[in-house]
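The chains referred to below are lettered A, B, ... by the order of the sequence lines, with proteins before strands, and numbering in each begins at 1.
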Protein chains: 2
Amino acid sequence: MQRLQAGRPIFHEGDAVRRVFMLASGSLKIYSLLADGRRQITGFMFPGDFLGVSVDEEYAFTAEALVHSELWWFTREAFDRFVEANPKVERELYRLAAHELAAAHSQMVLLGRKTAAERLASFFLSLVERQELVAGRSLAQFDLPMSRLDIADYLGLTKETVSRMLAQLRDRKLVRLVSQDRIEILDRDGLHEMAAGFGG
Amino acid sequence: MQRLQAGRPIFHEGDAVRRVFMLASGSLKIYSLLADGRRQITGFMFPGDFLGVSVDEEYAFTAEALVHSELWWFTREAFDRFVEANPKVERELYRLAAHELAAAHSQMVLLGRKTAAERLASFFLSLVERQELVAGRSLAQFDLPMSRLDIADYLGLTKETVSRMLAQLRDRKLVRLVSQDRIEILDRDGLHEMAAGFGG
DNA sequence: CGCTGGTTTGATTGTAATCAACCCTGGTGG
DNA sequence: CCACCAGGGTTGATTACAATCAAACCAGCG
């Protein structure tokens with residue numbers, strides 16, 4: 001078990017893969033940097049997600065805690081032995097990877113072809129759906145555990161644009177800001193339309 | 001075995017997953033569409049790649065032949081039985097999925113944070129590296145089996161911008177157009193710098 | 001109560017999209 | 001064999017969306 005404060009990195013892009021992690025509580029961001037500092041967050045992780053289950057020798061991205069988080073970990077060797085001994089785990093890992101791949105495809109559509117407002121609407125829906133899955137019931141409100149800058153770097157925008165698009169969704173009465181880091185959905189159908197590209 | 005002419009779809013987004021395919025020859029594009037016709041190509045496939053190996057009941061994207069292509073296929077049930085009987089295949093499938101996931105991460109960085117010229121340079125390098133892997137040796141030239149529009153829809157640009165950026169890479173003496181659909185690399189280091197974000 | 005850092009709002013700029021013409025290439029038929 | 005045609009590709013002019021630059025606002029905290 002490993003405890004991490006907000007902002008603490010778990011590992012960096014290029015580090016040798018020595019451990020496999022499972023997020024027990026909290027949330028993480030994973031990202032890559034370009035030479036001049038431009039950053040793309042390629043995913044956020046929530047309890048139950050695995051990290052470092054890879055065939056490569058080096059991590060392909062940096063992972064960092066968003067809030068105070070707890071991780072279970074195994075050495076890579078121990079994890080490999082465990083997988084070897086439990087073939088069902090292998091299938092489950094494959095299932096998880098297929099899921100991640102599907103999510104990556106949606107994110108490529110978002111980054112390649114959606115407008116700023118569509119990106120934010122899509123992001124809110126994926127966040128609330130994720131939190132509903134954990135809660136096991138429909139939710140009207142959800143948390144934003146990451147900063148505006150993190151959201152921008154995930155959506156391929158700037159923090160200013162995120163702020164403006166949030167104001168736009170608010171003005172269109174699709175969402176309400178309960179607080180800085182908590183959103184209430186006022187019109188889920190409208191949000192879905194916006195996310196899918198109808199929200200002219 | 002299934003033969004496909006250029007432009008023919010193998011399956012559409014939303015179709016029930018009935019078969020698993022392996023591309024034997026040719027090349028494919030896979031893409032998703034937004035409601036108003038905006039298209040994002042999320043990948044190109046080359047001989048040896050698998051399609052439809054998924055845990056979902058529906059294909060998450062459309063797959064279409066770029067050139068005359070040949071595919072081996074199995075029913076999903078036959079494929080599952082085969083995997084069940086050969087645990088090593090499961091590991092190999094996982095290895096392939098992990099690879100695809102890493103590629104998806106790079107593509108997210110490209111779509112979210114790279115400029116038009118950087119995107120095209122990155123694309124050229126990934127294409128030539130792929131063709132070098134098949135050829136088993138370093139290559140100075142490589143093929144572009146897809147149209148400018150396909151390249152644009154893969155890179156999150158328009159065909160006009162792709163054309164302009166190609167002219168720019170040509171004018172900077174990084175590449176040469178052997179023909180409409182064949183490129184010669186004149187300065188690979190320069191292309192790498194451009195792709196990584198140094199090419200001021 | 002006054003900082004400090006994140007957030008929002010405002011003004012301006014810049015990159016790529018859009019709209020529009022022209023060019024080339026490969027295929028067809030006279 | 002060559003002229004014509006069609007469709008993809010290139011180049012040019014203008015526009016638009018989001019980025020950048022800049023200032024004000026606000027919330028949490030010492």
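With a heavy-atom cut-off of 4.0 Å to chain A, the contacted part of DNA chain C has its first and last nucleotide at C/dT7 to C/dA11.
With values rounded to the nearest 0.5 angstrom, B/L149 atom CG is found 11.5 Å from B/L157 atom CG. In this structure, OG on A/S138 lies 5.0 Å from CZ on A/R188, to the nearest 0.5 angstrom. In this structure, the separation between CZ on A/R39 and CG on A/D150 is 4.5 Å, given to the nearest 0.5 Å.
Atom-to-atom, CD of A/E118 to P of D/dA18 comes out at 9 Å; the value is rounded to the nearest Å. Nucleotide D/dA18 holds its C1' atom 15 Å from the CG atom of A/L110, rounded to whole Å.
At the phosphate of D/dA19, OP1 or OP2 sits under 4.0 Å from a side-chain N or O atom of A/T158.
Under the side-chain contact (heavy atoms from CB on, under 4.5 Å) test applied with B/I30, the options B/F11, B/Y59, B/F44, B/F61 reduce to a single match, B/F61.
When hydrophobic clusters are built by joining Ile, Leu, Val, Met, Phe, Trp and Tyr residues whose side-chain heavy atoms come closer than 4.5 Å, directly or via intermediates, B/L51 is not grouped with B/Y31.
Salt bridge absent: A/E84 and A/R81 never bring a charged side-chain N and a carboxylate O closer than 4.0 Å.
Looking at A/R38 and B/T115, their side chains come closer than 4.5 Å, going by heavy atoms from C-beta outward.
The closest side-chain donor-acceptor pair between A/S32 and A/Q40, if any, does not fall under 3.5 angstrom.
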For each nucleotide in nucleotides 10-17 of chain D, reading 5' to 3', give B when a protein heavy atom comes within less than 4.0 Å of its base, S when such contact involves only the sugar-phosphate, and - otherwise. BBBB----
